[in-house]
Number of protein chains: 2
Amino acid sequence: MSAAELPAARAPATMLAARFDGQRLGVAQVPVPDVEGTREARIRVTLAGICSTDREITRGYLGFVGTPGHEFVGVVEAAPSAPQWVGRRVVGDINAACGDCATCRRGYPTHCPNRTTLGIVGRNGAHAELLTLPINNLFAVPHVVADVAAVFVEPLAAAFEPLAQGLTVQVGAPAVVVGDGKLGLLQARVLQLAGADVTVVGHHERKRHVAEAWGLGFMHGDDSGLHARQVPIVAECTGSPAGLARALELCEPRGTLILKSTYAGAAHVDLTPVVVNEITLLGSRCGPFPEAIAALVAGHVAVSDLVDDEFPLRAAEAAYARAAERGVLKVLLRP
Amino acid sequence: MSAAELPAARAPATMLAARFDGQRLGVAQVPVPDVEGTREARIRVTLAGICSTDREITRGYLGFVGTPGHEFVGVVEAAPSAPQWVGRRVVGDINAACGDCATCRRGYPTHCPNRTTLGIVGRNGAHAELLTLPINNLFAVPHVVADVAAVFVEPLAAAFEPLAQGLTVQVGAPAVVVGDGKLGLLQARVLQLAGADVTVVGHHERKRHVAEAWGLGFMHGDDSGLHARQVPIVAECTGSPAGLARALELCEPRGTLILKSTYAGAAHVDLTPVVVNEITLLGSRCGPFPEAIAALVAGHVAVSDLVDDEFPLRAAEAAYARAAERGVLKVLLRP
């Protein structure tokens, strides 16, 4: 047997991945992750999305170093502990919990203090040819859901999270989403599915078109058509102190303000209206994948309307730059 | 009939009242308020309390000018629209609502946008010989509740408000109250009555004694005995950004943080933990009087333990100064 005939597996296996070194984002050949002897699966990424959190990470948020990215759809390539998963098309919950601590035992694995989070904390992410996640995190994607829709399961699940946290929506009740980004539009659509009469407060014509196509109301941020303290459910999806102040102003006494955006650093916020108007501020993060998958199977959320561009993985830098442009919604990466 | 025999009612009737003119607090003779032709009662104040909000008001908070004070017990002296109240010993809800607007109709009169608030917004308060409130705001005080206890109905009602807002307390679950002031101690006792195992985080030996007498745990603010993210119910009762940061640190994922204190002005607050740990921030203000009265009738809250001093109304300035001293709990004013 000549050297040329050596099995490929014996050669040092590498793959292409976006890498953030703490200073800048680039792409590199890195070793293929090994899952032998673990309860994890190695997944070949078909399509990945760029989220605002990814862009924050490449500005130093959370001190993450490695491969970013947590929105993906892919195919299981190896799963030693559960070979029945090999070949399946999957999405995956991004929080890998220990399953053993008090937080996991009381049913909140996404809050496990020992967790790693795909492309965010202690685990390389989805902007690569391959990624790994625990078998327990995987969800099979039904055939009727195309890759371009499946790649939205993670952010759509986040928009379902307030309902999973017990938010009740009166049918026909007004709701306002402050912020017309990807998360804002998905949150608005989910609140509408729950029965609310939803208006998005935003700035961009591109996003107004999506909102209107989805049957949502849309108002420009400076529009005087919204009155203070009259909206029972408000969702803050801008991540800016100004957006939060606007959301607090709109929320009616005893209303609920959903906080969906993380704020990089401390914000100068006047919380007096929260107390005086007895507002419930509902912090909300990652959500339930089954609800998101079911909504996509039913065709309830036309997520592909949010796609603005697609780049090959090797052009990750250009893709991140494109995602940072004003008014751009989803940019996809294809390995 | 000589001039000396003219009925007293014909003479210009005046009363003693504390007055804040926007700059400083003083006492003055002012006209007795008239309730003829209204649905209000005139109440002769027996005993009044000084609240932190009163002290903030005399530093310019809310731009209030007039007679401060909203904690009181008194006897109805005139009630033209409901004479059966005359002679009754009463306490009173401090928010005078219109009863007619959308907020009142949906059952939240304490949030009525047209409301006046005793000694706080648009209505002279309780640090006077006489005050007026709508008949609808009055609650008769049972005989078993002494004046020195009845004067605490208003702040004790505020401590019951989180329960009225739907907060559920698991029996035996840990709860922490950050802040060992009057409101903090009352909040701690009410959470304990609801079944929680409550620890007060504070600084003062005087307050530690009250907490321990009430069966509450007490920890010094810097104590390392409390671990981050392990408490399901935390109440912030300091009104300081540092207290809020501490409360956020202690609150467990998916826990509830009760915001009881107003913050004069904007606070520099990092809300990221609210989102990441999916905390529910429950803004909470004025509460239900019946629950507070019932707790005092049952002897469940030894409120008189909180009294540090009593001054005659004419010495209101000295009383406010005493109330501002570090570590002092309740200071009472007797007209």
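Residue numbering restarts at 1 for every chain, and letters A, B, ... go by the order of the sequence lines.
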Taking 4.5 Å as the heavy-atom cut-off, does anything in [range] contact chain A, and if so which residues?
range	result
residues 93-111 of chain B	B:R106, B:Y108, B:H111
residues 171-181 of chain B	none
residues 250-257 of chain B	B:E252, B:P253, B:R254

Got a sec, which pairs hit side chain to side chain donor-acceptor pair (under 3.5 Å) with one end in residues 162-177 of chain A, sequence neighbours left out?
A:Q165-A:S284
Below 4.5 Å, heavy-atom pairs only: which of A:V276, A:I258, A:N277 has the largest tally toward chain B?
A:V276
List the steps and the verdict of side-chain contact (heavy atoms from CB on, under 4.5 Å) for A:L271 and B:L244.
CA-CA 11 Å; A:L271 290 176; B:L244 178 55; 3.3 Å; yes
How far does CG of B:L282 sit from CD1 of A:I279, to the nearest 0.5 angstrom?
11.0 Å
